[in-house]
S.K.: 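Below you will find the structure I want to go over with you.
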Number of protein chains: 2
Amino acid sequence: MLELRHLRTLNALDETGSISLAAQRVHLTQSAVSHQIKALQEHYQLPIIQRSGHAVQLTDAGKRLVQLAGKILGEVQSAERDLAKISQQAAGSLRIVLECHTCFDWLMPIMDDFRQHWPEVELDLVSGFHSDPVSLLRQQVADVVIGSENKPQQGIIHFPLFRFEILAVLAPGHVLGSKRVLEAADFAQDVLITYPVPEERIDLIRQVLMPAGVSWQRRTTELTVAILQLVASRRGIAALPGWGIKNYLDYEYVIARRIGTSGLWSDLYLSVREQDASLRYLRDFLETIDQVCFARLDGIKPLSKKGTRKN
Amino acid sequence: MLELRHLRTLNALDETGSISLAAQRVHLTQSAVSHQIKALQEHYQLPIIQRSGHAVQLTDAGKRLVQLAGKILGEVQSAERDLAKISQQAAGSLRIVLECHTCFDWLMPIMDDFRQHWPEVELDLVSGFHSDPVSLLRQQVADVVIGSENKPQQGIIHFPLFRFEILAVLAPGHVLGSKRVLEAADFAQDVLITYPVPEERIDLIRQVLMPAGVSWQRRTTELTVAILQLVASRRGIAALPGWGIKNYLDYEYVIARRIGTSGLWSDLYLSVREQDASLRYLRDFLETIDQVCFARLDGIKPLSKKGTRKN
DNA sequence: AGATAATTATGAATAATTTTCATATATGCT
DNA sequence: AGCATATATGAAAATTATTCATAATTATCT
């Protein structure tokens, strides 16, 4: 009756404290999670969760099961890694093209983790900018592209990672700070500070400014911290992922505003050659990204798993 | 994809070394187990078992999963016991009536184990012989009957334990030893040594001798070892469960013969009052019996689980 | 060796379970 | 109070697991 599935759900529930967020984490609907918990409670004749308003709290019984999950799920993942090693799918290469500059932030620790588990896999970042990153896969120059590309292509598979909001970043006290939501025209008033990549690769420009026919001034720099420094010192405004600026917001180094009423969102995918899609270490890499990102990055949302995520 | 179900199956497969026996252990058909393993192999793209003729051997990958099962399944059981404690189903009484005398052999260690896990449950054996053991349940004198009773009765639930063969036990060199299979008439030749219970409670008499109209001489004694001693010293012959005499056979202290061409079989059930059937400690007791008996008793076969074994 | 029995594999059918969908209900916020 | 958000729930749909029937394979017994 109790299955690993339930433990994974409870784990997510414990971390998120919410049925619907937990559901997203395990790629199920809120309803499915609700049913799962109900089934567990009926099976054990015990309440697993306790509701104080909307917030979901685990009961002692629930905590005991989460504790079990903690002990067990790691063992399972570890065993599955060993199986990959046995099947000699433990060696290979994972050369990553990062289309999203800010993604360094979360990717770095994941890479460290990955190296520990897969010492035989050559892990690298492919540097430089590329107009068509996916073509690097075909040319065997890279093995993985992390970016926004998700159009179906022959021989390429896109795994959905997550959706995140891009926020306008302003110096505290900036005039635009008085608005709750910024519109395209607002960006004409100040210098736009971006990474040094082509205009069409900047979501704000491609999706907001260009369609609105607004002109802009641009200044570029390599590092996220540098962008934030420039913003804070009133040299301009920027547009960055919410999770990338969380700490700076908390310390009120900068402030953030939504772009457009419903916000400017960007979707991230991980693309690989079709023949690599079932490589065990690749799957493990994906799994780790999932775990780490959803646990640590604020405000991200899961994408539908329709992009081939079975097996 | 991998679920606890698979680990339980692999565990049984490891212990039995056979697909069909493993299937019986986990209360599935042979086909189901075969399909499970096939699914695992396809999922991991690895052979899990290796066949040398009919004998099934685990591959390294299979062994790794069994190792995982070993680590995990105990944790699960332990967590489930804790849940029972949380739900305050940890206290109660388990007064056992043992209809099958020889069953002391395997029950004793199980009781010891049980006491450790459920210190709050008063565990006892109800001594003496009873013409209708199940009525003791109704009278609240006992909580559990282990015996052959399986006729549906109002308010009583019978959990199937297992089926075992009753063998004729002879002194080495006994004349009847020359026959491969003993028939009813053969038992008229020698003294029958039994436990001191009514005739109708002795399977050999009720199912073989009486139907055949054969007469017999009987001598009784309390302990299994005493019976074996009398047999070995040529005071008579006995009929005992195969697993009960295994050690004595191995040391050639006595020899055993099948009774009738297809053997004399006995089914064992565990009966409880309906309202007790979902008690957590009772379920745990049942689970332990299952584990221990199938792991340690030779030649026993599972019974169909039709007697209400869900939840 | 040949026949028979026993064991496993497999495709199709069935059964059971899980998930989703469409809502209802409950809570929090302004 | 009213709207937005979160959870619960029954019924339908989808998926998955199991069984059934049978074929294929291996072992055993004259």
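Numbers restart at 1 for each chain; the letters A, B, ... are given by sequence-line order, proteins then strands.
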S.K.: Check this one for me: any side-chain N or O of A:Arg51 less than 4.0 Å away from OP1 or OP2 of D:dA6?
M.R.: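 For A:Arg51, the contact criterion (side-chain N or O under 4.0 Å from OP1 or OP2 of D:dA6) is not met.
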S.K.: If you go through the side-chain atoms of B:His35, does one of them form a donor-acceptor pair with the base of D:dT19 closer than 3.5 Å?
M.R.: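 Answer is yes: a donor-acceptor pair is held.
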S.K.: May I ask you to verify whether the side chain of A:Ser31 and the base of D:dT7 hold a donor-acceptor pair under 3.5 Å?
M.R.: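 Counting by modelled atom types and ignoring angles, no donor-acceptor contact under 3.5 Å is found here.
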S.K.: Just wondering, more than 12 heavy atoms not from A:Lys301 lying within 6.0 Å of its NZ?
M.R.: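 12 or below, so no.
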S.K.: I'd like to know if B:Ser34 reaches the base of C:dT10 with its side chain, counting only an N/O donor and acceptor under 3.5 Å.
M.R.: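 Answer is no: no donor-acceptor pair is held.
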S.K.: I need the CD-C1' distance between A:Glu42 and C:dT17, as an integer number of Å.
M.R.: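 For the pair A:Glu42 CD and C:dT17 C1', the rounded distance is 14 Å.
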S.K.: Side chain of B:Ser20 only, please: which of C:dT7, D:dT7, D:dT19 is the nearest?
M.R.: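 Selected nucleotide (nearest to the side chain): C:dT7.
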S.K.: What I want to find out is whether A:Asp250 reaches A:Lys246 closely enough, with some N-O distance under 4.0 Å, to be called a salt bridge.
M.R.: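 Salt bridge present between A:Asp250 and A:Lys246.
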S.K.: For B:Val56, report the nucleic acid contact type (base, sugar-phosphate, nothing); a contact means any heavy atom under 4.0 Å.
M.R.: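 Sugar-phosphate, no base atom in range.
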S.K.: Between B:His54 and C:dT8, do the rings stack, that is, sit under 5.5 Å apart with planes less than 30° off each other?
M.R.: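 It does not: the ring fails the test against the base of C:dT8.
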S.K.: How close or far is atom C1' of C:dT17 from atom CD of B:Glu3, stated in whole angstroms?
M.R.: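 In whole Å, C:dT17 C1' lies 12 Å from B:Glu3 CD.
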S.K.: Rounded to whole angstrom units, what separation is found between the NZ atom of B:Lys301 and the C1' atom of C:dT7?
M.R.: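 My rounded result for the distance is 14 Å.
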S.K.: Measuring to OP1 and OP2 of C:dT18, would you say a side-chain N or O of A:Lys38 lies under 4.0 angstrom away?
M.R.: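 A:Lys38 to C:dT18 OP1/OP2: no side-chain N or O under 4.0 Å.
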S.K.: Rounding to an integer number of Å, can you tell me how far B:His6 NE2 sits from D:dT16 P?
M.R.: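 Interatomic distance, NE2 of B:His6 to P of D:dT16: 11 Å.
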S.K.: Decide yes or no on side-chain contact (heavy atoms from CB on, under 4.5 Å) for A:His43 and A:Leu40, but give the supporting numbers first.
M.R.: CA-CA 5 Å; A:His43 175 63; A:Leu40 282 179; 5.5 Å; no
S.K.: Specify the separation, in whole Å, of atom CD of B:Gln36 and atom C1' of D:dT19.
M.R.: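 So the two atoms are 13 Å apart, to the nearest Å.
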S.K.: Distance check needed: D:dA17 P versus B:Leu28 CG, whole Å only.
M.R.: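 Rounded to the whole Å, the gap is 12 Å.
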S.K.: Specify the separation, in whole Å, of atom CE of B:Met1 and atom C1' of C:dT18.
M.R.: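 Going from B:Met1 (CE) to C:dT18 (C1'), I get 15 Å.
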S.K.: If I compare all heavy atoms of B:Leu286 with all of B:Leu270, which pair ends up nearest, and what's the gap?
M.R.: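 B:Leu286 and B:Leu270 have their closest heavy atoms at CD2-CD1, 4.0 Å.
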S.K.: To the nearest Å, give me how far apart CG (A:Leu4) and P (C:dT18) are.
M.R.: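 Spelled out: CG on A:Leu4 to P on C:dT18 is 13 Å.
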S.K.: How do A:Arg5 and B:Gln30 order along DNA chain C: which one's closest nucleotide is nearer the 5' end?
M.R.: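 The residue closer to the strand's 5' end, by nearest nucleotide, is B:Gln30.
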S.K.: Under a 3.5 Å distance rule, please check whether B:Gln41 uses its side chain to pair with a backbone N or O of B:Ile49 as donor and acceptor.
M.R.: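 Flag set: sc B:Gln41 to bb B:Ile49 pair under 3.5 Å.
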